[in-house]
Protein chains: 4
Amino acid sequence: MTLPQPRRLPVQARARATFEAILEASARVLVERGYDAASTNRVAEVAGVSIGTLYQYFPNKEALFVALIERHFDEQVELLQRMVGSLIDAPLAEAVRAYVGALFEAHANDKAFHDAILQQVTHLGLPAITRVHMVSRQIVQVYLEAHRERLRITDTALAAFVLVSAVEGIVHTLMFAPERPELDALSDEVSLMVLRYLVGGDDAG
Amino acid sequence: MTLPQPRRLPVQARARATFEAILEASARVLVERGYDAASTNRVAEVAGVSIGTLYQYFPNKEALFVALIERHFDEQVELLQRMVGSLIDAPLAEAVRAYVGALFEAHANDKAFHDAILQQVTHLGLPAITRVHMVSRQIVQVYLEAHRERLRITDTALAAFVLVSAVEGIVHTLMFAPERPELDALSDEVSLMVLRYLVGGDDAG
Amino acid sequence: MTLPQPRRLPVQARARATFEAILEASARVLVERGYDAASTNRVAEVAGVSIGTLYQYFPNKEALFVALIERHFDEQVELLQRMVGSLIDAPLAEAVRAYVGALFEAHANDKAFHDAILQQVTHLGLPAITRVHMVSRQIVQVYLEAHRERLRITDTALAAFVLVSAVEGIVHTLMFAPERPELDALSDEVSLMVLRYLVGGDDAG
Amino acid sequence: MTLPQPRRLPVQARARATFEAILEASARVLVERGYDAASTNRVAEVAGVSIGTLYQYFPNKEALFVALIERHFDEQVELLQRMVGSLIDAPLAEAVRAYVGALFEAHANDKAFHDAILQQVTHLGLPAITRVHMVSRQIVQVYLEAHRERLRITDTALAAFVLVSAVEGIVHTLMFAPERPELDALSDEVSLMVLRYLVGGDDAG
DNA sequence: AATGAATGAGGGTTCATTCAT
DNA sequence: TATGAATGAACCCTCATTCAT
């Protein structure tokens, strides 16, 4: 009955699959070789696709990896946004711990991939990274606003900037540190710092 | 009788000058083109030196830029170490403000150069960056130890890690943020966070 | 009973339109990009047709442009042939002027297109160009034969060769000359040369 | 005694030889393959030189062939200029015959090379070709001026334009004509046309 | 200590062409 | 008739590096 549609769908499905295969291969090759040595020919080979096909989807090497990075951080943003709902009504200490823990975890997964991005293609990823930053700050700020009367801060936007930057800085440092502190202790200490900053120290554990 | 030395000195002086010229050129080219496009031939050209000469001083491209980055961060370390003497006896609030301010300033100078390093050759700079981190932590830890009884922290090493990472994270974010907070306010807020973390918030302004 | 034809005709009409669209697009792309950069993919795009369709009408890129050029020169030949009737009985001076003028005009139109052909795909156009030459010579020779007794030439074929080549050479030079003589004066001078050559100069103006 | 100079000369001599080898190879490959198929890699191979070396002398493929063509036509110009001295005082008929003959000959030599240039890279050669044209016209005009009182032309610049374009047009046509007239007869006829044009026909043979 | 001509692997990219739909 | 995803040979060109001078 409704035959015509399927007839065209396979074509699009194939294209979609090809596109995905190329992106996946890009990630693999980026991790295994680094950006410079990650040749488009190698990516195409790993993707099981001809080099010409790759260039039908991406105008050049940079665009390929930009797409990869953008998608990666878009996923991060989605994750963050899904987290916000469950945290908004949680007690302060719990929320802080959850947030800090989530960031630690997020970076622990795909460490190799993250490394590659942050070490070698920061410039390609900047817009996406910036996006994540801004979303994070918005989320944190919304939380701060909601709990304002219980906090000893005045400018929630500024506080959000400080908090997100500080915590991400710690996570970032952690990734590249040769000798790293014990994770749980660190996580606790970071949470402590955040809490003291927000409530003035006495109420914090 | 003391002829040999002069005879040799000009030679070494010339060599030294050549070496410097190459390093300087590297920095210029790195900023103007980025790492990938910064060819050794171009560096030699800018340095006013033949490509052969460049390779007499550096075994390969990477070594050239590693040397550049190492020197840069070594200077940073020296700066930090010179700072420590004048801070060790300063009151807490003052010391914190001085430290935070110094970091903000350091990164503000040579922003383009810093950008290039952090965006494109993080992997080459990692050892040097790590060194700066460790020295920073040591300095901070020494300070914390010296003021231990007045602070509400237990593990000074851990606290040093948290503080340095956090503050540097903020500075780092600042460098790439499209819309950045007003600098003085931010500096104050960061100092506030540090102080509250260290003394428990009530005593901090 | 005459259903089949209509049923088929639209189809052929569409095919014809497609064919035309491709040829037109070829000309456009040839002018805008030059032969080498004129990719078949681009031609198809400009024609509003898929690349597969293009290859249903032309076996390869060369054939496409050969067809374009052939058609162009075929039109030129037709034009020449239509001219001959009205000139055969005209007085010498008038015929010469008409002929020279016609050539000047023909090349003035579609100058960009002509340029492209003559500068970049002479090799593809050679057969067609040669055809135009030969037809031109036949036409001229017929005229010379008809007026033989009034002319001071012996070998009309040779004279036709000389005349056609010379006049076309002038027009050709004109197309690429950076600083070109005033057209009317040139046209007169060329006519003068032709007339003197044919009748000996004294009778010519 | 004067040793230093030779020590450096070999270096330059080598470079010079390399340059020449590449240009020669370009000509060979152009004739054997045509412009499009004349890959820079092939040229380097024929020159017995690495591809990198080729690109040390020429920024790109086009520049390579432009250099080749420019040099070729520069030689033509020199040839023409050397011819002018011996012709300025010669009798009209003789001068015309010498000039026409010289052009016929010039194009007969290196026909294959000329073909390649005129059929495939006219656009690269245009500036050079134009230069030859202009020099030719100047030479002819100088001659016409010198013999002005004996000639029945008014505007020598215009006449020079007409003559040079016409004769070169004929030679050009000749090169690509499938069935060409007997050369001596043609040469005579062309000379006849020129003479009749210049002196009015009666005095010409 | 310095030169710079020469190398050549390897890169990114294009584009004419095919063929399953 | 028409589509357009896929192909892959082949191209131009760069650049880190060497080495004879």
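Quick note on labels: first sequence line is chain A, next is B, and so on, each numbered from 1.
With pairs defined as Watson-Crick or G-U wobble and both atom distances under 3.5 Å, the stems of at least three pairs that touch DNA chain F come out as E:2-21 with F:2-21.
At a threshold of 4.0 Å, the pair A/R28-A/E24 does not count as salt-bridged, since none of the basic side-chain nitrogens sits closer than that to a carboxylate oxygen.
Protein atom CZ of D/R16 is 13 Å distant from nucleotide atom P of E/dA6, rounded to whole Å. In this entry the distance linking CD of D/E45 with P of E/dG8 reads 12 Å, nearest Å.
Between B/Q120 and B/D36 the shortest side-chain heavy-atom distance does not fall below 4.5 Å. With a 4.5 Å cut-off on side-chain heavy atoms, D/D115 and D/F176 count as touching. Between C/L68 and C/F113 there is a side-chain heavy-atom pair separated by less than 4.5 Å.
In this structure, CD on A/E75 lies 6.5 Å from CZ on A/R71, to the nearest 0.5 angstrom. If you take CD on B/E70 and CG on B/L124, they are separated by 9.5 Å, rounding to the nearest 0.5 Å.
Nearer to the 5' terminus of DNA chain F, by closest-nucleotide assignment, is the contact made by C/L54 (compared with the other of A/V49 and C/L54).
The two atoms that bring D/N60 and D/Y55 nearest to each other are CA-CE2, 3.8 Å, heavy atoms only. Taking each heavy atom of B/F65 and B/S26 in turn, the nearest pair found is CE2-O, 3.7 Å. A pairwise comparison of heavy atoms in A/R33 and A/A38 identifies CB-N, 4.2 Å as the closest pair. Smallest separation of non-hydrogen atoms from B/L64 and B/L54: CD2-CD1, 4.3 Å.
Phosphate proximity of F/dA2 to C/T18: present, with a side-chain N or O under 4.0 Å from OP1 or OP2. Taking side-chain N and O atoms only, D/Y57 has a distance below 4.0 Å to OP1 or OP2 of E/dA6. The side chain of D/R14 contributes no N or O atom lying less than 4.0 Å from OP1 or OP2 of F/dA20.
Comparing atom distances between the A/S50 side chain and each of E/dA2, E/dA6, F/dG8 picks out F/dG8 as nearest.
Taking the six-membered ring where tryptophan is involved, the planes of B/F19 and B/F58 are essentially parallel, since the angle between them stays under 30° and well short of 60°.
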Q: Scan nucleotides 10-16 of chain E nucleotide by nucleotide, 5' to 3', and note B when protein non-hydrogen atoms come under 4.0 Å of the base, S if they reach only the sugar-phosphate, - if neither.
A: -SBBBBB
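For DNA chain E, no neighbouring residue in residues 115-128 of chain B is found when judged by any heavy atom under 4.0 Å.
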